[in-house]
Protein chains: 2
Amino acid sequence: MAVNSDMMRGMAEPIILKLLNYKKMYGYEIIKVVNEKTNNAFQWKEGTLYPCLHRLEADGLIDSEWEIADNGKPRKYYTLTKKGQAKMAAKVEEWSHFAQAVNNLLFA
Amino acid sequence: MAVNSDMMRGMAEPIILKLLNYKKMYGYEIIKVVNEKTNNAFQWKEGTLYPCLHRLEADGLIDSEWEIADNGKPRKYYTLTKKGQAKMAAKVEEWSHFAQAVNNLLFA
DNA sequence: AATTATACATCGGCTGTCGATGTCTGTCAA
DNA sequence: TTGACAGACATCGACAGCCGATGTATAATT
């Protein structure tokens, strides 16, 4: 049931921003949550996620801070910035328009 | 209201196949129809469409034939093959799964 | 002692889209 | 009649995000 990766293009950003809007999360956790919530329709890998997180941070859309978890592992937690919130809203809106357009074409 | 081109990735194929499922069309016509039907949320250009049509034909998903239109201009009309019909159905199904997954994440 | 899971990271290759550019023909206004 | 525009085809290089492979380190499990 894995979805063609071409369709994924550009979706990592809005999805990450949306998840971080609820609570702070660390990278490895985001991967697990996304794959789980989509029933593995999405199969995110580190090579996809980490570069994206770094881009978002460089753009000032998210902030990061290191924490030591109960299991002793260091985790880099990400939080949404004000700028990131605005971007998230815009991206979700953009998805709505996009999906609407595609549905019009595919189910006319 | 143009949608970010990243999201477009991989959507040209299913959309073209779907349109050709209704009737044969020529390239320039497809561009106009798609842009019109999406209210310019999609803004397809020749550089996007023609290579895609050539890929689809090379893969045996569509056939082509030249015709001279009333206005004297030669047009290359495309039709869906049997193989293309199956691919179209699969792609539409894939879009449904994909959109479902994204909606689960963005509107949870 | 070896394997697995957690958790971070980078990098090259792939591939679809975009913008620019090109060609040819018919139409229509100046 | 000349020029501009629209219709209609096409190609090509640049760009950028995703994937797979690879790497490091530690804790827990077998």
Side-chain angles (χ1 to χ4, degrees), chain A residues 2-17 24-36 38 40-59 61-62 64-78 91 98 102, chain B residues 2-17 24-36 38 40-59 61-62 64-78 91 98 102:
Chain A
V3 171
N4 179 348
S5 68
D6 282 326
M7 289 186 184
M8 311 284 192
R9 187 95 163 206
M11 293 314 301
E13 189 174 322
I15 289 170
I16 293 170
L17 295 178
K24 68 177 181 182
M25 295 176 75
Y26 58 99
Y28 199 78
E29 180 187 14
I30 293 176
I31 293 175
K32 299 295 172 192
V33 167
V34 167
N35 293 346
E36 207 172 310
T38 63
N40 287 307
F42 282 43
Q43 296 179 342
W44 281 9
K45 310 290 170 54
E46 286 95 332
T48 302
L49 185 77
Y50 290 122
C52 187
L53 285 172
H54 299 159
R55 281 198 307 273
L56 293 172
E57 190 171 19
D59 291 344
L61 302 174
I62 59 179
S64 67
E65 48 172 352
W66 287 95
E67 281 185 33
I68 304 298
D70 292 341
N71 63 8
K73 305 280 173 57
R75 294 170 175 169
K76 196 193 269 188
Y77 276 90
Y78 290 95
K91 282 287 173 187
F98 171 72
V102 174
Chain B
V3 171
N4 178 349
S5 70
D6 283 325
M7 289 188 184
M8 310 287 191
R9 186 98 165 203
M11 293 313 303
E13 189 175 322
I15 289 170
I16 292 170
L17 295 177
K24 68 177 181 182
M25 294 176 76
Y26 58 99
Y28 199 79
E29 180 186 14
I30 294 177
I31 294 174
K32 299 295 173 191
V33 167
V34 167
N35 294 346
E36 207 172 311
T38 63
N40 287 305
F42 283 42
Q43 296 180 342
W44 280 8
K45 310 291 169 56
E46 286 96 330
T48 301
L49 186 76
Y50 290 122
C52 187
L53 285 172
H54 299 159
R55 281 198 307 273
L56 292 172
E57 190 170 21
D59 291 344
L61 302 174
I62 59 179
S64 66
E65 48 173 352
W66 287 94
E67 281 186 32
I68 304 298
D70 294 341
N71 63 9
K73 304 280 173 60
R75 294 171 175 169
K76 196 193 270 186
Y77 276 89
Y78 289 95
K91 282 288 171 186
F98 171 72
V102 174

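Chain letters run A, B, ... following the sequence lines, proteins first and then strands; every chain starts at 1. In this text the structure is predicted, and so the values were computed from the model without any measurement.
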Worksheet item: Is B:Tyr50 near enough to D:dC9 that one of its side-chain N or O atoms lies under 4.0 angstrom from OP1 or OP2?
Response: yes

Worksheet item: For B:Gly47 and B:Lys32, take the nucleotide of DNA chain D holding the closest heavy atom to each; which residue's nucleotide lies nearer the 5' end?
Response: B:Lys32

Worksheet item: Does a nitrogen or oxygen in the side chain of A:Ser5 sit under 4.0 Å from OP1 or OP2 of D:dC18?
Response: no

Discussion item. Using whole Å, what does the distance between atom P of nucleotide C:dA5 and atom CD of A:Glu36 come to?
Written reply: 15 Å

Worksheet item: In whole angstrom, what separates B:Leu53's CG from D:dA10's P?
Response: 8 Å

Discussion item. Tell me the interatomic distance from A:Gln43, atom CD, to D:dA21, atom C1', rounded to whole angstroms.
Written reply: 17 Å

Worksheet item: Are OP1 or OP2 of C:dC18 and a side-chain N or O of B:Lys45 less than 4.0 angstrom apart?
Response: no

Worksheet item: Tell me: CD1 of B:Ile31 to C1' of D:dC9, nearest whole Å?
Response: 10 Å

Item to complete: Determine: side-chain N/O of B:Tyr28 to OP1/OP2 of D:dC9, distance under 4.0 Å, yes or no.
Response: no

Worksheet item: B:Trp66 CH2 to D:dA10 C1': how many Å, rounded?
Response: 9 Å

Worksheet item: Any side-chain N or O of A:Asn71 less than 4.0 Å from the OP1 or OP2 oxygen of C:dA7?
Response: yes

Worksheet item: Which nucleotide sits closest to the side chain of B:Glu46: D:dC9, D:dG20, C:dT6?
Response: D:dC9

Practice prompt. Find which nucleotide of DNA chain D each of A:Gly72 and B:Tyr26 is nearest to by heavy atoms, and output the residue with the more 5' nucleotide.
Written response: B:Tyr26

Worksheet item: Counting just side-chain N and O atoms, does A:His54 come under 4.0 Å of either OP1 or OP2 of C:dT10?
Response: yes

Worksheet item: Mapping A:Tyr78 and A:Arg9 to their closest nucleotides on DNA chain C, which lands nearer the 5' end?
Response: A:Tyr78

Discussion item. Below the 4.0 Å mark, does D:dA10 have OP1 or OP2 next to a side-chain nitrogen or oxygen of B:Lys76?
Written reply: yes

Practice prompt. Measure across B:Met7 and A:Phe98 and return the closest heavy-atom pair with its distance rounded to 0.1 Å.
Written response: O-CZ, 3.1 Å

Discussion item. With a 3.5 Å cut-off and heavy atoms only, can you find an N or O donor on one side and an acceptor on the other between the side chain of A:Arg75 and the base of C:dT6?
Written reply: no

